[in-house]
Amino acid sequence: MMITAATSLQSARPADWRDFFALTKPRVMSLVIFTGLCGLLAAPGSLHPVLGFTAILCIAMGAGGAAALNMWWEADLDRLMRRTAGRPLPAGRLERRDARDFGVALAVASVGIMGLAIHWLAAALLALSIVYYAVVYTMWLKPRTPQNIVIGGGAGAFPPLIGWVAVTNEITVMPLLLFAIIFMWTPPHFWALALFAQTDYAKAGIPMMPVVRGEKATRAQILIYAVLLCPIALAPFIIGAAGALYGAAALILSLAFVALAVPVFAGRSEEARAEKRLFGFSILYLFALFALLVADALLARAGLLQ
Amino acid sequence: MTPDEEADLQRRRRSRNLVVGGALLFFAVLFYAITIVRMGD
C-alpha cells in the first residue's frame with residue numbers, strides 16, 4: 001500500500017520542463033541545427049530571414065520529436081547502460097506516455113509548420129527524416145543489424161538536405177552530396193566511440209559492430225569509410241558547386257581524417273587514445289567542412305572568390 | 001503531502017506553466033511574422 005501510494009504521488013507530480021527538453025537530445029540537436037543552417041546558407045538563392053529561422057526551427061523541432069520518440073522506445077535499453085541510465089525515462093522522472101505524446105506533437109507540428117511556412121517538399125523531407133530515425137532506425141534496424149549505424153547515419157544526414165531544399169524547392173546533386181557526406185562520416189565517427197564504450201552496448205544487447213563482428217572488422221570498416229569519405233567530401237568542388245577554399249579544406253581535412261583512422265585500424269592503442277582522438281577529430285571535421293562550405297559560398301556570392 | 005512536497009509541486013507547476021505560456025506566445029508572434037512575410041510574396 002505504501003509503495004502504491006508513493007508511486008501514485010510520484011506520478012501525480014508534474015514533470016519538470018527540463019526533462020521534456022532533455023528528451024530532445026539538445027547536444028545532438030546542436031549539430032542538426034548547425035548542418036541544417038549550413039545547407040540553408042550555402043544554397044543558391046535566398047530566403048527571408050523569418051522563413052529561414054522558421055525552417056531551421058522546424059528542422060530542430062523535427063529532430064527533437066524524433067529523439068523523444070527514440071527515448072520513448074528505448075527506455076528499457078537506456079536503463080541498462082551507464083551513459084543513458086540518467087535520462088528522464090529510465091530515471092523515472094517522466095511517464096513513458098508523456099514522452100511519446102511530446103515526441104508525436106513535436107514531429108507533427110514541425111512538419112505542419114514547415115509545409116505551411118516554407119513549402120511541402122521541405123515538409124515531406126522532414127517527415128521522411130523523422131520516420132527514418134524514429135521507425136526505420138530506432139524501432140526496426142538498430143536492434144537487428146550491426147549495420148545499424150550505417151543506416152542510422154541517413155537520419156542525421158537529412159538536415160543540410162532539408163535546409164538546402166527549403167531555399168531552392170528542388171532536389172539537385174549538391175544537397176544529395178551534403179547528405180552523402182554525413183552518411184559516410186557517421187560510421188567512423190560512431191564506431192570510434194563504440195570501440196571505447198563497447199561494454200555498455202554489449203550489456204544492453206544492441207548489436208553494435210564491435211560487439212557482433214569484433215574489433216578487427218570494426219577497425220577495418222572505420223578505415224574504409226574514412227577513405228570513401230574523401231572523394232565524397234571533395235565532390236562539391238569537383239562538380240564545380242563549391243570553390244577552391246572548400247576544395248582545399250575538404251582535401252586537408254579528409255586526409256587528416258584518414259591519417260587518424262590508420263592507427264585505429266592498426267590496433268588497440270593505450271587507453272584507446274587513437275580511437276578517442278579520431279572521435280574528437282570527426283566532430284571538428286564535420287563542423288569545419290560545413291562552415292567552410294558556407295564561407296566559400298558567401299565569399300563567392302560577394303565576388304571575393306571564383 | 002508534506003509542506004516540502006507541496007512547495008515542490010507548486011514550483012514545478014509554475015515553471016511548466018511559464019514555459020508553456022512562453023512557447024505559445026513565441027508561436028503566436030512567429031505565425032504573425034510568417035503571415036506578414038508570406039503576404040508580401
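Order of the sequence lines sets the chain letters (A, B, ...), proteins ahead of strands, with each chain counted from 1. All values below come from the heavy atoms of this structure, side chains included, with hydrogens, waters and symmetry mates left out.
- In A:W73, the CH2 atom is not crowded: 12 or fewer heavy atoms of neighbouring residues, nucleotides or ligands sit closer than 6.0 Å.
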For B:I36 and A:V50, what are the C-alpha separation, side-chain angles and deciding distance, and is it a side chain to side chain contact (heavy atoms under 4.5 Å, CB included)? CA-CA 10 Å; B:I36 297 295; A:V50 169; over 6 Å; no
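- Rounded to the nearest 0.5 Å, atoms CD1 (B:I34) and CD1 (A:I118) are 7.0 Å apart.
- Only the side chain of A:I113 comes within contact range of chain B, with heavy atoms under 4.5 Å apart.
- Contact residues of residues 14-21 of chain B toward chain A are B:S15, B:R16, B:V19 (heavy-atom distance under 4.5 Å).
- Listed by chain and number, the residues in a side chain to side chain donor-acceptor pair (under 3.5 Å) with A:T138 are A:N70 (sequence neighbours excluded).
- Residue-environment remark: CZ (B:F26) exceeds the threshold of 12 foreign heavy atoms within 6.0 Å.
- Here the closest heavy-atom approach between residue A:D16 and residue B:R11 is recorded as OD2-NH1, 4.0 Å.
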